[in-house]
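Below, chain A is the first sequence line, B the second, and so on; all start at residue 1. None of the values given here were measured: they were computed from a predicted structure. Note that these values count all heavy atoms, side chains included, but never hydrogens, waters or copies made by symmetry.
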There are 2 protein chains.
Amino acid sequence: MTTRWLTSEEQRAWRAYIAASHLLEDAIDRQLQQEAGMPHVYYSILANLSEAPDRRLRMTDLAERTKITRSRLTYAVTRLEKDGAVRREGCPSDKRGSTAVLTDEGMTLLERTAPGHVDTVRAALFDRISPEQVGQLEEICASVARGLEGDDAQAPPDDVPWRRRSPGPCT
Amino acid sequence: MTTRWLTSEEQRAWRAYIAASHLLEDAIDRQLQQEAGMPHVYYSILANLSEAPDRRLRMTDLAERTKITRSRLTYAVTRLEKDGAVRREGCPSDKRGSTAVLTDEGMTLLERTAPGHVDTVRAALFDRISPEQVGQLEEICASVARGLEGDDAQAPPDDVPWRRRSPGPCT
DNA sequence: TAAGTTTGTTTCAAACTTGAACCAAGTCGA
DNA sequence: TCGACTTGGTTCAAGTTTGAAACAAACTTA
């Protein structure tokens, strides 16, 4: 099959997307690095923990929610543990497992830095788009995420019947 | 001023966006790493060069188009130069400057790997959204990019009159 | 129940990114 | 035309990410 190249509308959209996502991530990373001393992903880890029951989550679970690899998470949690924001605990039911727990200190850090973070996200994104666009963005991203979620391959071959989906939100 | 937290629509959109952008970048990076032996940003560098007149661009110019820092670009170009995909040339008019040039080898690599890349982008994004959504995505991203473009601070203080903008597309 | 497989997590080396510091080479005003 | 500032790029150390390999604890099954 010969390649279906992008139409010029698609090209424009793709380029705009690449630019926007780079600029946005950079802006957020810079802001959080300054105010919280950590990059966005690390902040997201804390945020996810703060919303979990008992502020604790199994490593793999946390990796799935934050959409990062397990090894990246291991590194991040080790660092956050040094900072005192997170604590690791063994899992009694499954001795292989380990659980990340948000400490009080971590919670405090989160509460202290959340306003600045939200301001940044607002200034960069939500203050620049209309309420309809918020909905549109969600729909688009949800479709994309649904398609890629738990996908091992990028282009599911036609001979594979179907793949698992996972429900629920993320950070 | 007390923080304006995200509404629940905004939260949903934001989470969906974070998830989608991580998954998408990962998928593309994996695909390109396999087929082209380089991450997405490096591919973008080559792609940008290929479209430039005479396939050459000043470093700073290239950094601006790809939305990456100068030091990151320096590193990347050094690597791509080792691979033989790019060549550096001094700039006659401005002796400080250096110019990155896409080699024939680099162009070949690009041509060879472009189809697979486009397929991935299609499978992950464009095949999952409607033509209207393509337009919506572009609008949204363009707004965000416009807001962040060449912004040194994330939240321009009110006492600063205005900031420069730059026109044109990117990759 | 030993052997083989899967699952949860960490480890390690190599590659990449960051930001600050640095070095020219241009520019500008007195 | 000197000195101060800006601009274009690179360098360096510290931090982060990647993917493959290693481990160990569950499972599965003959």
Side-chain angles (χ1 to χ4, degrees), chain A residues 22-23 25-45 56-83 86 88-101 150 152 164, chain B residues 22-23 25-45 56-83 86 88-101 150 152-153 164 166:
Chain A
H22 277 189
L23 292 168
E25 256 310 277
D26 280 5
I28 293 179
D29 270 337
R30 263 199 309 283
Q31 192 270 329
L32 280 174
Q33 193 64 57
Q34 291 211 338
E35 313 267 322
M38 61 180 70
H40 188 195
V41 201
Y42 289 45
Y43 180 92
S44 295
I45 290 171
R56 67 174 55 232
L57 241 24
R58 289 287 295 272
M59 293 296 275
T60 297
D61 200 355
L62 190 46
E64 262 167 29
R65 296 192 193 216
T66 46
K67 266 63 185 164
I68 64 178
T69 60
R70 299 211 254 346
S71 80
R72 189 179 181 182
L73 180 62
T74 295
Y75 181 90
V77 166
T78 304
R79 197 265 228 196
L80 290 170
E81 210 171 9
K82 273 176 200 145
D83 295 353
V86 157
R88 246 189 264 246
E89 276 179 24
C91 180
S93 59
D94 182 343
K95 281 176 191 160
R96 292 168 302 183
S98 86
T99 306
V101 189
D152 310 64
R164 65 198 145 89
Chain B
H22 277 190
L23 292 168
E25 256 310 276
D26 281 4
I28 293 178
D29 270 336
R30 263 199 309 283
Q31 191 271 328
L32 280 174
Q33 193 64 56
Q34 291 211 337
E35 313 269 322
M38 61 180 70
H40 189 195
V41 201
Y42 289 46
Y43 180 92
S44 295
I45 291 171
R56 66 177 54 234
L57 240 25
R58 290 288 294 272
M59 292 298 274
T60 297
D61 201 354
L62 190 46
E64 261 168 29
R65 296 191 193 216
T66 47
K67 265 65 184 160
I68 64 179
T69 60
R70 299 216 261 345
S71 81
R72 190 180 181 180
L73 180 62
T74 295
Y75 181 90
V77 167
T78 304
R79 196 267 227 196
L80 290 170
E81 209 170 12
K82 274 175 199 146
D83 294 353
V86 157
R88 249 186 261 247
E89 275 179 24
C91 180
S93 60
D94 183 343
K95 282 176 191 160
R96 292 167 301 180
S98 85
T99 305
V101 189
D152 309 63
R164 64 197 145 92
S166 79

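The side chain of B:Arg58 approaches D:dG8 more closely than any other nucleotide in the set C:dT10, D:dG8, D:dT11. Relative to the side chain of B:Asp26, the nucleotides D:dG9, D:dT18, C:dT18 differ in distance, and D:dT18 lies closest.
Heavy atoms of B:Thr74 sit under 4.0 angstrom from at least one base atom. Among the protein residues, B:Ser98 comes within range of the sugar-phosphate backbone only, with heavy atoms under 4.0 Å from sugar or phosphate atoms but none that close to a base. Counting non-hydrogen atoms under 4.0 angstrom, A:Ser71 reaches a base of the nucleic acid.
Along DNA chain D, the nucleotide nearest to A:Ile68 and the one nearest to B:Thr99 differ in position, and the one closer to the 5' end is contacted by B:Thr99.
A straight line from CG of A:Asp29 to P of C:dT17 spans 13 Å, rounded to a whole angstrom. Following rounding to the nearest Å, A:Glu25 (CD) and C:dC16 (P) show an atom-to-atom distance of 20 Å. Taking atom CD of B:Gln31 as the reference point, atom C1' of D:dG19 lies 17 Å away to the nearest angstrom. C:dA14 atom C1' lies 12 Å from atom NZ of B:Lys82, rounded to whole Å. Atom CG in A:Leu73 sits roughly 16 Å away from atom P in D:dG19 (whole-Å rounding). One interatomic measurement links the two molecules: CZ of A:Arg30 to C1' of C:dT17, which rounds to 14 Å at whole-angstrom precision. D:dG8 atom C1' lies 14 Å from atom CG of B:Leu57, rounded to whole Å.
Between B:Pro39 and B:Gln33, the shortest heavy-atom contact is N-OE1, 3.6 Å. Listed here is the closest heavy atom pair of B:Gly37 and B:Arg79: O-NH2, 3.0 Å. A pairwise comparison of heavy atoms in A:Met59 and A:Thr74 identifies CE-CA, 4.0 Å as the closest pair. Across all their heavy atoms, B:Ala100 and B:Leu62 have their closest contact at CB-CD2, 4.0 Å. Taking both residues in full, the closest heavy atoms of A:Thr99 and A:Gly90 are given as OG1-O, 4.4 Å, listed atom of the first, atom of the second, then distance.
Residue B:Ile45 holds its CD1 atom at 9.0 Å from CE of B:Met38, rounded to the nearest 0.5 Å. Expressed to the nearest 0.5 Å, how far CG of B:Leu80 lies from CZ of B:Arg88 amounts to 9.5 Å. Summarising the geometry, atom CD1 belonging to A:Ile28 is positioned 5.5 Å from atom CD belonging to A:Glu25; distances are rounded to the nearest 0.5 Å.
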Hey, what are the protein-to-nucleotides 13-17 of chain D N/O distances that come in under 3.5 Å?
| from | atom 1 | to | atom 2 | distance (Å) |
| --- | --- | --- | --- | --- |
| D:dT16 | OP1 | A:Arg79 | NE | 3.2 |
| D:dT16 | OP1 | A:Arg79 | NH2 | 3.0 |
| D:dT16 | OP2 | A:Tyr75 | OH | 3.2 |
| D:dT17 | OP1 | A:Arg72 | NE | 3.2 |
| D:dT17 | OP1 | A:Arg72 | NH2 | 2.7 |
| D:dT17 | OP2 | A:Tyr42 | OH | 3.2 |

Atom pairs under 3.5 Å: protein N/O with N/O of nucleotides 21-28 of chain D:
| from | atom 1 | to | atom 2 | distance (Å) |
| --- | --- | --- | --- | --- |
| D:dA26 | OP1 | A:Lys95 | N | 3.1 |

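For A:Arg88, a side-chain nitrogen or oxygen approaches OP1 or OP2 of C:dT10 to under 4.0 Å.
Side-chain atoms of A:His22 come within 3.5 Å of backbone N or O of B:Thr66 as a donor-acceptor pair.
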